[in-house]
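Input: a single structure, listed below in structure tokens.
For the numbers below, each heavy atom of this structure counts, side chains included, while hydrogens, waters and symmetry mates do not. Keep in mind the model is a prediction, meaning the values are calculated, not measured.
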Amino acid sequence: MKTANFVENKRYYTWNHALQQEFGGKIFKVPIDAGFDCPNRDGTVAHGGCTFCSVSGSGDMIVAPEAPLPLQFEKEVAQMHLKWPEVQQYIVYFQNFTNTHAPVAVLRERFEQVVNLPGVVGIAIGTRPDCLPEETVEYLAELNQRLYLWVELGLQTTFEHTSNLINRAHDYQTYLDGVARLRQHNIRVCTHLINGLPGETKEMMVENLKRTILDSDIQGIKLHLMHLMKKTRMIRDYHEGRLHLMSKADYVEVICDQLELIPQDIIIHRLTGDAPWDSIIGPMWSLKKWEVLNAIDDELERRDSYQGKFALR
């Protein structure tokens, strides 16, 4: 199995390899907290936020979230340089909460603080599909002309029942409309899906992937494991039997089933997720990230399989 996008022992098109193709070397993705909120926390569409989300809005790993944005960037890069001192190019990742949930003037003021920092070659913006009004998309289109841009859209599930259960507060059509508006300007889109949400079977997890690939023009995808975190509303689902934590074997099986369906030109940004050890309730096996990734590699090899073996398009 050889294609232009697969290298060494990987049987899928990795984010790391895509960046090496784009920039000719290793790139740091630098997470920062830009101080945004979410529309389903502040009452714009709902209250309480997604039931799986921590108080930091999925920014638990950010080093100095209260610092000014340039200082956050500096501290994150310094931390990364302890392991990879040679890296000098960076993508700034506006990670937690909803990073287009503000007027364009606010977005511009915050994004422009980092786009010209030394070594910054691009930005990635995590957001929701219901926070992409036309004026925001136009500003993102401007950024897309100036530097390497990804918009990361949280979808999590295509099933309306699950979406309502986790208090997502937008429907699937809103996601499809958001992708379409971004793609009109050739903005790269990476969609987030979560495997292991309450009530979803392995078949539903694969169906989420199928719908996402067939219904929307995306260039990247992140597949996450459902982490149960302390101080989240999802703890109630767990105690009341609606949430069953996935086993490592089941997760690896689903990921490989999904990879086989993803066209080979779609970049795999992530196949599992990080969570702080002192905040996670489970699954605890997920803390050994490299063991999970190695298990995925081993399963693909056992199947003699790879990304796109049964590509949907």
- Message: For a 4.5 angstrom cut-off between non-hydrogen side-chain atoms, does Ile125 reach Phe111?
- Response: yes

- Message: Using the rule given for side chain to side chain contact (heavy atoms under 4.5 Å, CB included), can you reason through Leu245 versus Tyr238, listing the C-alpha separation, both sets of side-chain angles and the distance that settles it, and then say yes or no?
- Response: CA-CA 8 Å; Leu245 300 180; Tyr238 179 65; 3.9 Å; yes

- Are Ile235 and Leu228 close enough that some pair of their side-chain heavy atoms sits under 4.5 Å apart? yes

- Message: Please give me the minimum heavy-atom distance between Tyr148 and Leu19, naming the atom from each residue.
- Response: CE2-CD2, 3.9 Å

- Message: I'd like to know if the side chain of Gln264 and the backbone of Gly308 have a donor-acceptor N/O pair within less than 3.5 Å.
- Response: no

- With side chains defined as the heavy atoms from C-beta onward, is the minimum distance between Met284 and Leu287 less than 4.5 Å? yes

- Among Val104, Val151, Thr127, Ile123, whose side chain to side chain contact (heavy atoms under 4.5 Å, CB included) with Leu140 holds? Val151

- Query: Does a salt bridge link Lys210 with Asp257, judged by any charged N lying under 4.0 Å from a carboxylate O?
  - Reply: no

- Query: Looking only at atom types and distance, does a side-chain atom of Arg168 sit under 3.5 Å from a main-chain N or O of Gly154, one as donor and one as acceptor?
  - Reply: yes

- Message: Is there a side-chain contact between Trp285 and Glu291 in this structure, where contact means two heavy atoms from C-beta onward sitting under 4.5 Å apart?
- Response: no

- Message: Side chains of Thr232 and Cys53, heavy atoms from C-beta outward: is any pair under 4.5 Å?
- Response: no

- Message: One pair to check against side chain to side chain contact (heavy atoms under 4.5 Å, CB included): Gln156 and Cys50. What are the steps and the verdict?
- Response: CA-CA 10 Å; Gln156 320 313 354; Cys50 297; 6.0 Å; no

- Query: Do Ile267 and Trp150 have side-chain heavy atoms sitting under 4.5 Å apart?
  - Reply: yes

- Query: What distance separates Met226 CE from Thr157 OG1, expressed to the nearest 0.5 Å?
  - Reply: 12.5 Å

- Item | Which residues share a salt bridge (charged side-chain N to carboxylate O under 4.0 Å, His left out) with Arg211, sequence neighbours left out | Glu207

- What is the minimum heavy-atom distance between His269 and Cys190, and which atoms define it? CG-SG, 3.6 Å

- Message: By the definition side chain to side chain donor-acceptor pair (under 3.5 Å), identify the one residue from Asn40, Asp130, Asp42 that meets it with His101.
- Response: Asp42

- Query: According to a 4.5 Å side-chain heavy-atom criterion applied to Ile, Leu, Val, Met, Phe, Trp and Tyr, with indirect links allowed, do Leu261 and Leu193 form part of one hydrophobic cluster?
  - Reply: yes

- Message: What verdict does the side chain to side chain contact (heavy atoms under 4.5 Å, CB included) test give for Phe36 and Leu107, after you've listed the backbone C-alpha separation in whole Å, the side-chain angles of each residue and the deciding distance to 0.1 Å?
- Response: CA-CA 9 Å; Phe36 293 103; Leu107 304 184; 3.6 Å; yes

- Message: As an exercise, state the distance from CG of Asp237 to CD1 of Ile166, rounded to the nearest 0.5 Å.
- Response: 9.5 Å

- Under 6.0 Å from the NZ atom of Lys289, do we count more than 12 heavy atoms belonging to anything else shown? yes

- Side-chain heavy atoms under 4.5 angstrom apart, residues restricted to Ile, Leu, Val, Met, Phe, Trp, Tyr: same cluster for Val252 and Phe310? yes

- Note on the structure: Nearest heavy-atom approach of Pro276 to Met229 is CD-CE, 3.8 Å

- Message: Using modelled atom types and a 3.5 Å cut-off, is there a donor and acceptor pairing between side-chain atoms of Glu152 and backbone atoms of Thr191?
- Response: no

- Just one of Thr212, Asn208, Ile221, Asn195 clears the side chain to side chain contact (heavy atoms under 4.5 Å, CB included) bar with Gln258, so which one? Asn195

- Which pair of heavy atoms, one from His224 and one from His192, lies closest together, and at what distance? NE2-ND1, 3.6 Å

- Task: Would you confirm whether Lys309, through its side chain, and Asp304, through its main-chain N or O, come within 3.5 Å as a donor-acceptor pair?
- Result: yes

- Stepwise side chain to side chain contact (heavy atoms under 4.5 Å, CB included) check, Arg183 with Gln219: CA-CA 10 Å; Arg183 292 302 297 147; Gln219 293 63 56; 3.2 Å; yes

- Task: Report yes if some heavy atom in the side chain of Glu76 is under 4.5 Å from a heavy atom in the side chain of Pro31; otherwise report no.
- Result: yes

- Task: First locate atom CG of Leu155, then atom OG1 of Thr174, and finally report the distance between them rounded to the nearest 0.5 Å.
- Result: 10.5 Å

- If you round to the nearest 0.5 Å, how far is OH of Tyr172 from NE2 of His170? 11.5 Å

- Item | Within 6.0 angstrom of Glu86 CD, more than 12 heavy atoms from elsewhere | yes

- For residues Ser216 and Tyr175, report the shortest heavy-atom separation together with the two atoms involved. OG-OH, 2.8 Å

- Which value, rounded to the nearest 0.5 Å, describes the distance between Thr272 atom OG1 and Arg270 atom CZ? 8.0 Å

- Task: Compute the centroid of each ring, for Phe73 and then for Tyr90, and state whether the two points are separated by less than 6.0 Å.
- Result: yes

- Charged N to carboxylate O below 4.0 Å: is that the case for Lys10 and Asp297? yes

- Item | Any donor-acceptor pair under 3.5 Å from Asn116 side chain to Gln113 backbone | no

- Query: Which atoms form the tightest heavy-atom contact between Arg128 and Leu153, and what is the distance?
  - Reply: C-CD2, 4.0 Å

- Taking C-beta and beyond as the side chain, do Asp177 and Arg181 meet within less than 4.5 Å on heavy atoms? yes

- Query: So if you build clusters from Ile, Leu, Val, Met, Phe, Trp, Tyr with side-chain heavy-atom gaps below 4.5 Å, do Met204 and Leu259 land together?
  - Reply: no

- Message: Hydrophobic cluster membership, with links at side-chain heavy-atom distances under 4.5 Å among I/L/V/M/F/W/Y: are Val115 and Leu71 in one?
- Response: no

- Exam field: side chain Asn294 to backbone Trp290, donor-acceptor pair closer than 3.5 Å: yes

- Message: Test your reading of the model: is there a side-chain donor-acceptor pair from Asp217 to the backbone of Val179, 3.5 Å cut-off?
- Response: no

- Message: Same cluster or not: Val206 versus Ile266, using hydrophobic residues (I, L, V, M, F, W, Y) connected whenever any side-chain heavy atoms lie under 4.5 Å apart?
- Response: yes

- Look at atom NE2 of His81 and say whether more than 12 heavy atoms of other residues, nucleotides or ligands are closer to it than 6.0 Å. yes

- Query: Rounded to the nearest 0.5 Å, what separation is found between the CG atom of Asp298 and the CZ atom of Arg303?
  - Reply: 12.5 Å

- Message: Test your reading of the model: is there a side-chain donor-acceptor pair from Arg313 to the backbone of Leu214, 3.5 Å cut-off?
- Response: no

